[in-house]
Novice: 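Take a look at the following structure, please.
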Amino acid sequence: MKRAIYPGSFDPVTKGHIDVIERSAKLVDELVVGVLNNSAKNSLFLVDERVSMLKELTSSLPNVTIDSFDGLLVDFAKSIHATIVVRGLRAVTDFEYELQIAQTNHEVYNDIETIFLTTRLEYAYISSTIVKEFASHGGDISHFVPEPVIERIYAKYRK
């Protein structure tokens, strides 16, 4: 059984994230979307909120589960018996960093392999940072994020 993990902060989840989830779910038997709980980051959404949104958005994908983790990705991968890490690449600038992480993870956990999916062109410019910047100024974020999360994002900035 091929079990993969697609890790990220997903703060907030974007259309690009959903695209990578849908595409990578077709490549493996089971895909675990691992939501990183990074207490050092000042997140827009609590980890439980991000998990909930992702569960809602992926409910039609039977081989996708959502879980949260903190600490090292390789430790989480070992704990769930994942042997594949999925990473999305938006641009060449992402590659160098992601390659370094992939090589480090493989050195620490020899059974783990990383596959890179390039983002579709229509999502290549989207990042959670851009979404937050637009939303904080009341800009239209409907091009960037799935419809069910739009109002949740705006609500965070109204508080």
Novice: Test Val64 against Val33 for side chain to side chain contact (heavy atoms under 4.5 Å, CB included), laying out the working first.
Specialist: CA-CA 7 Å; Val64 174; Val33 179; 3.9 Å; yes
Novice: Please round to the nearest 0.5 Å and tell me the distance separating atom CG of Leu72 and atom OG1 of Thr104.
Specialist: 11.0 Å
Novice: Are there over 12 heavy-atom neighbours, none belonging to Gln100, within less than 6.0 Å of that residue's CD?
Specialist: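 Open: at most 12 neighbouring heavy atoms sit under 6.0 Å from CD of Gln100.
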Novice: Can Lys132 and Asp11 be said to form a salt bridge (charged side-chain N to carboxylate O under 4.0 Å, His left out), step by step?
Specialist: CA-CA 9 Å; Lys132 290 185 266 193; Asp11 187 43; 3.5 Å; yes
Novice: Is there side-chain contact between Met1 and Glu30, with heavy atoms separated by less than 4.5 Å?
Specialist: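 Yes; the side chains approach each other to less than 4.5 Å.
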Novice: Go through the steps for Tyr157 and His137 under the test side chain to side chain contact (heavy atoms under 4.5 Å, CB included), then give the verdict.
Specialist: CA-CA 9 Å; Tyr157 287 105; His137 295 287; over 6 Å; no
Novice: Do the non-hydrogen side-chain atoms of Val47 and Arg50 ever get within less than 4.5 Å of each other?
Specialist: yes
Novice: Between Lys2 and Glu113, is the salt bridge (charged side-chain N to carboxylate O under 4.0 Å, His left out) condition met? List the steps.
Specialist: CA-CA 11 Å; Lys2 291 182 184 171; Glu113 295 291 345; over 6 Å; no
Novice: For salt bridge (charged side-chain N to carboxylate O under 4.0 Å, His left out), just list the numbers for Arg90 and Glu98, CA-CA rounded to whole Å, side-chain angles, deciding distance to a tenth of an Å, and then say yes or no.
Specialist: CA-CA 11 Å; Arg90 290 173 295 188; Glu98 292 294 345; over 6 Å; no
Novice: Give the C-alpha distance, both sets of side-chain angles, the deciding distance and a yes or no for side chain to side chain contact (heavy atoms under 4.5 Å, CB included) between Val86 and Val20.
Specialist: CA-CA 8 Å; Val86 175; Val20 170; 3.9 Å; yes
Novice: Report yes or no: do Ile80 and Val108 belong to one cluster of Ile/Leu/Val/Met/Phe/Trp/Tyr joined by side chain heavy-atom distances under 4.5 Å?
Specialist: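 Yes, Ile80 and Val108 fall within the same hydrophobic cluster.
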Novice: Could you report the tightest heavy-atom contact between Arg87 and Pro7, atom names first, then the distance?
Specialist: NH1-O, 2.7 Å
Novice: To the nearest 0.5 angstrom, please state how far the OG atom of Ser24 sits from the CG atom of Leu31.
Specialist: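 Reported value, rounded in 0.5 Å steps: 4.5 Å.
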Novice: Is there side-chain contact between Leu89 and Leu117, with at least one heavy-atom pair below 4.5 Å?
Specialist: no
Novice: Treating Ser79 as the side-chain partner and Phe76 as the backbone partner, does any N or O pair qualify as donor plus acceptor under 3.5 Å?
Specialist: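 Yes; judged by distance alone, with no hydrogens or angles, the pair exists.
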Novice: Side chains of Lys15 and Asp19: does their closest heavy-atom pair fall under 4.5 Å?
Specialist: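 No. Closest side-chain heavy atoms not under 4.5 Å.
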Novice: Under 4.5 Å between any side-chain heavy atoms of Ile130 and Glu133, yes or no?
Specialist: no
Novice: Got a second to check how far Asn63's CG is from Leu27's CG, nearest 0.5 Å?
Specialist: 10.0 Å
Novice: Would you say Val51 and Leu73 are hydrophobically clustered, going by side-chain heavy atoms of ILVMFWY under 4.5 Å?
Specialist: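 No, because Val51 and Leu73 fall into different hydrophobic clusters, even though each may have its own neighbours under 4.5 Å.
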Novice: Heavy atoms, side chains only, cut-off 4.5 Å: are Phe144 and Ser127 in contact?
Specialist: no
Novice: Is Arg23 reaching over with its side chain to a backbone N or O of Thr119, donor-acceptor style, under 3.5 angstrom?
Specialist: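 Flag not set: sc Arg23 to bb Thr119 has no pair under 3.5 Å.
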Novice: Which value, rounded to the nearest 0.5 Å, describes the distance between Ile112 atom CD1 and Glu107 atom CD?
Specialist: 14.0 Å
Novice: Applying side chain to side chain contact (heavy atoms under 4.5 Å, CB included) between Met53 and each of Val35, Asp48, Val149, Val145, report the one that passes.
Specialist: Val149
Novice: If you compare all heavy atoms of Leu57 against all heavy atoms of Pro146, which two are closest, and at what distance to 0.1 Å?
Specialist: CD2-CB, 3.7 Å
Novice: Can you check whether His17 reaches Tyr6 side chain to side chain, under 4.5 Å on heavy atoms?
Specialist: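 Yes; the side chains approach each other to less than 4.5 Å.
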Novice: Are Phe10 and Val32 connected in the hydrophobic side-chain network, where two residues link if heavy atoms are under 4.5 Å apart?
Specialist: no
Novice: According to a 4.5 Å side-chain heavy-atom criterion applied to Ile, Leu, Val, Met, Phe, Trp and Tyr, with indirect links allowed, do Leu54 and Ile5 form part of one hydrophobic cluster?
Specialist: no
Novice: Taking OH in Tyr154 as the centre, count heavy atoms belonging to other residues, nucleotides or ligands within less than 6.0 Å. Is the count above 12?
Specialist: yes
Novice: Is Tyr125 linked to Ile153 within one hydrophobic cluster, defined over Ile, Leu, Val, Met, Phe, Trp and Tyr using a side-chain heavy-atom separation of less than 4.5 Å?
Specialist: yes
Novice: Which atom pair, heavy atoms only, marks the closest approach of Pro12 to Ser128?
Specialist: O-OG, 2.8 Å
Novice: Output the distance between atom OH (Tyr123) and atom NE2 (His143), rounded to the nearest 0.5 Å.
Specialist: 12.5 Å
Novice: Answer yes or no: are there more than 12 heavy-atom neighbours, outside Asp140 itself, under 6.0 Å from its atom CG?
Specialist: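 For Asp140, atom CG is crowded (more than 12 foreign heavy atoms under 6.0 Å).
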Novice: Looking at Phe134, I want to see if its CZ is surrounded by more than 12 non-hydrogen atoms of other residues, nucleotides or ligands under 6.0 Å.
Specialist: no
Novice: Could you give the distance from CD1 (Ile150) to OG (Ser142), rounded to the nearest 0.5 Å?
Specialist: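 If I round to the nearest 0.5 Å, the distance is 5.5 Å.
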Novice: Does the side chain of Thr58 reach to within under 4.5 Å of the side chain of Ile21, using non-hydrogen atoms?
Specialist: yes
